[in-house]
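Comments concern the structure below.
Just so it is clear, the values below take in all heavy atoms, side chains as well, and ignore hydrogens, waters and symmetry mates.
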Amino acid sequence: MLDLKFIRENFEKVQKAVKDRHDSVDLSKFTSLEVERRALLAQVEKLKARRNSVSQEIAQIKKNKGNAEAKITEMREAGAEIKKIDDKVRQVEEALLQIQSFIPNIPHSSVPVGAGETDNVTIKTWGEIPKSNFVLKPHWEIAENLGLIDFEGGARVAGSSFVTFTGKGAKLARALINFMLDLHVEKHGYTEISPPFVVNRQTMFGTGQLPKFEDDAYRIDPDDLFLIPTAEVPVTNLLAGKMLSAQEMPILYTAYTPCFRREAGAYGKDTKGLMRLHQFDKVEMVKFVDPETSWDEHEKLLKDAEDVLQALELPYRVLNLCTADIGFSAAKCYDLEVWSVGVDRWLEVSSCSNFEAFQARRANIRFRREKGAKPEFVHTLNSSGLALPRTIIAILENYQQADGSVKVPKVLQGFIGAEVLR
RNA sequence: GGAGAGGUGGCUGAGCGGCUGAAAGCGGCACCCUGCUAAGGUGUUAUACUGGUAACGGUAUCGAGGGUUCGAAUCCCUCCCUCUCCGCCA
């Protein structure tokens, strides 16, 4: 969320950001509501000041056994008036918050302005696309042949786009989780977190999923809780409401969680295999940093995610997403896309974002630069490191062999206890 | 799920409906004292919004939201969370 004062004082900048993002939030009422809010505040606070001082007088009069009836009657009327204006203020502020919480973050100056995914800029390509002298299969065929995934079983117990990993397939998933967590903890200095997979409404608001994207989330009705769409949500909000000190930053967390997404509006898209699922596993990295360092930290974060793909020896590219494609809460976002030979396309396996103070303001995560200094909002960042299903697609397809077996990437062999899946 | 206790500032912890934005202590900061260290003294030490060029004001905030009252940290209601005991359970 952007700061109310910032929006007021930089209204054109905000309008431009909304336009560049092709976002539809309606800002037309913002200014008049803002003006009205301050006029009402001035009015009601004056009345309250008078009430406070007269109440003091009443206390004095009573102490001296005097008669305060006239003043009490006057204040009774003032009280009614205050209540009326307070109600009005509440309404105006609600309307204002409604607009405010739908305004996306301002894109960083290094974000290309664009209208869609074709305007994303490829800034790096890494690795060799494997060549083969046999006919390459898509991952769903490989997985079925080797008994790694039960697609029908998942559909039977939950519905379409839910899958079940079986045998070596389940072990491959677990190996990837362990490998990634170990890498981030031991090589990159993150602290491992295992958070709740279910969160409350306030938490979903904190990272920007609500109110705008409620339809995308699975909601547990009787308790009004949500299945997490990404570990970003519980892990970032772990520090909600906290006052941090400058010395303890940057704080680096990594977490494995399943992720649940309704994918409303995406029906019929990528329905085959593991491309798009309602539930998938992901290892996530989250950073809480000093605003002065957040852009450096963003580049480092990208590197930490790239390390996973490099260790797995999977070819990938890095995109600097354009204004139309970056997420609602992000100021800038890199996507990592792995190349997979079976489906013959780039697959997004990671989004690496800097949210600046946008989430910290919603979740109220602050720090003091030094003792006695004014509190400031931290900057939050996160990156997948990585999402499992598409990583598994790339492993199965890129490492497949003519006999139908799949070589195990070197770094995973110890975790799986095999060099080849057959 | 049942019974009880409790949620106050960075922390600990007081708080008869008005003099409490909140005692006291700890911690922090500044200054003083001291040959160094240790100790001591004095002062200072919340956040947000709002008015003002500023100086400096105003309002709100004691888990959250309502209510009673001229006036609520203090009384009433609802909810949330923590702890203890019981029940149930991986």
Side-chain angles (χ1 to χ4, degrees), chain A residues 1-10 30-101 194-206 210 220-226 234 237-249 251 258 288 357 360-378:
Chain A
M1 197 156 66
L2 300 176
D3 179 55
L4 202 60
K5 228 181 282 177
F6 175 89
I7 301 170
R8 182 166 85 214
E9 288 163 7
N10 301 273
F30 179 88
T31 302
S32 60
L33 282 168
E34 229 293 307
V35 170
E36 187 182 3
R37 180 183 80 102
R38 279 182 294 154
L40 288 169
L41 277 182
Q43 203 183 340
V44 77
E45 285 182 1
K46 207 166 144 194
L47 279 169
K48 283 179 179 174
R50 166 127 180 94
R51 177 177 68 182
N52 286 344
S53 69
V54 173
S55 289
Q56 300 283 345
E57 290 170 25
I58 291 171
Q60 280 308 312
I61 293 167
K62 288 211 164 177
K63 199 185 259 176
N64 300 327
K65 307 267 195 258
N67 186 330
E69 272 316 308
K71 285 185 190 294
I72 289 177
T73 308
E74 186 199 340
M75 283 307 102
R76 194 171 292 152
E77 283 161 19
E81 182 69 11
I82 286 168
K83 189 172 281 183
K84 238 169 62 189
I85 303 173
D86 263 345
D87 278 345
K88 198 85 187 284
V89 169
R90 202 168 307 133
Q91 279 174 31
V92 170
E93 289 192 333
E94 238 165 69
L96 220 40
L97 180 66
Q98 178 69 13
I99 297 172
Q100 192 185 2
S101 50
S194 181
F197 300 163
V198 166
V199 295
N200 58 32
R201 195 167 270 280
Q202 171 59 41
T203 298
M204 288 288 275
F205 180 82
L210 295 186
I220 300 162
D221 187 41
D223 304 304
D224 200 31
L225 295 170
F226 297 83
N237 284 284
L238 214 50
L239 301 184
K242 287 270 190 185
M243 182 71 73
L244 308 171
S245 66
Q247 300 92 285
E248 57 191 313
M249 296 201 296
I251 294 172
F288 305 83
R361 190 172 291 111
R362 289 180 161 228
N364 193 27
I365 308 170
R366 298 178 298 171
F367 80 108
R368 285 186 210 277
R369 213 165 271 292
E370 51 201 61
K371 294 276 181 198
K374 276 221 153 261
E376 296 174 54
F377 290 110
V378 304

Base-paired stems that RNA chain B participates in, counting runs of 3 or more Watson-Crick or G-U pairs under 3.5 Å
B:1-7 with B:80-86, B:10-12 with B:24-26, B:27-32 with B:40-45, B:46-51 with B:56-61, B:63-67 with B:75-79
Restricting to non-hydrogen atoms, name the atom on Arg362(A) and the atom on Gln202(A) that form the minimum distance, rounded to 0.1 Å.
O-NE2, 4.0 Å
Does rU50(B) have OP1 or OP2 under 4.0 Å away from a side-chain N or O of Lys5(A)?
yes
By the 4.0 Å heavy-atom rule, please label Arg366(A) as base, sugar-phosphate, or nothing.
sugar-phosphate
To the nearest angstrom, how far is Lys71(A) atom NZ from rU69(B) atom P?
21 Å
Within the structure shown, what part of the strands sits under 4.0 Å from Leu41(A) by heavy-atom distance: base, sugar-phosphate, or nothing?
sugar-phosphate
Using atom P in both nucleotides, what's the gap between rG9(B) and rA14(B) to the nearest angstrom?
13 Å
Between rG71(B) and Asn52(A), is there an OP1 or OP2 to side-chain N/O distance shorter than 4.0 Å?
no
Between Ile72(A) and Pro375(A), which is nearer to the 5' end of RNA chain B once each is assigned its nearest nucleotide?
Pro375(A)
OP1 or OP2 of rU50(B) sitting under 4.0 Å from any side-chain N/O of Lys48(A)?
no
Are any of Arg38(A)'s side-chain N or O atoms less than 4.0 Å away from OP1 or OP2 of rG51(B)?
yes
Sugar-phosphate only, base, or nothing, as touched by Arg361(A) at under 4.0 Å among non-hydrogen atoms
nothing
Decide, yes or no, whether a salt bridge links Lys84(A) with Glu81(A) under the criterion of side-chain N to carboxylate O below 4.0 Å.
yes
Starting from C1' on rA48(B), measure out to CD on Glu45(A) and report it in whole angstrom.
11 Å
Mind checking the P distance from rC32(B) to rG18(B)? Whole angstroms is fine.
43 Å
Could you state the CD1-P distance from Ile82(A) to rG58(B), rounded to the nearest angstrom?
16 Å
Rounded interatomic separation in angstrom, taking CD from Gln56(A) and P from rG17(B)
17 Å
Under a 3.5 Å cutoff, is there a donor and acceptor pairing between the side chains of Asn52(A) and Ser55(A)?
no
What's the gap between rC75(B) and rA5(B) when it is taken at their P atoms, as a whole Å value?
14 Å
Just N and O in the side chain of Arg37(A): are any of them under 4.0 Å from OP1 or OP2 of rU50(B)?
yes
Please classify the nucleic acid contact of Lys242(A) as base, sugar-phosphate, or nothing, using heavy-atom distances under 4.0 Å.
nothing
Hey, what are the protein-to-nucleotides 72-75 of chain B N/O distances that come in under 3.5 Å?
none

Would you measure the distance from the C1' atom in rG51(B) across to the matching atom in rU44(B) and give it in whole Å?
27 Å
Is a donor from one side chain sitting under 3.5 angstrom from an acceptor on the other, for Ser53(A) and Gln56(A)?
no
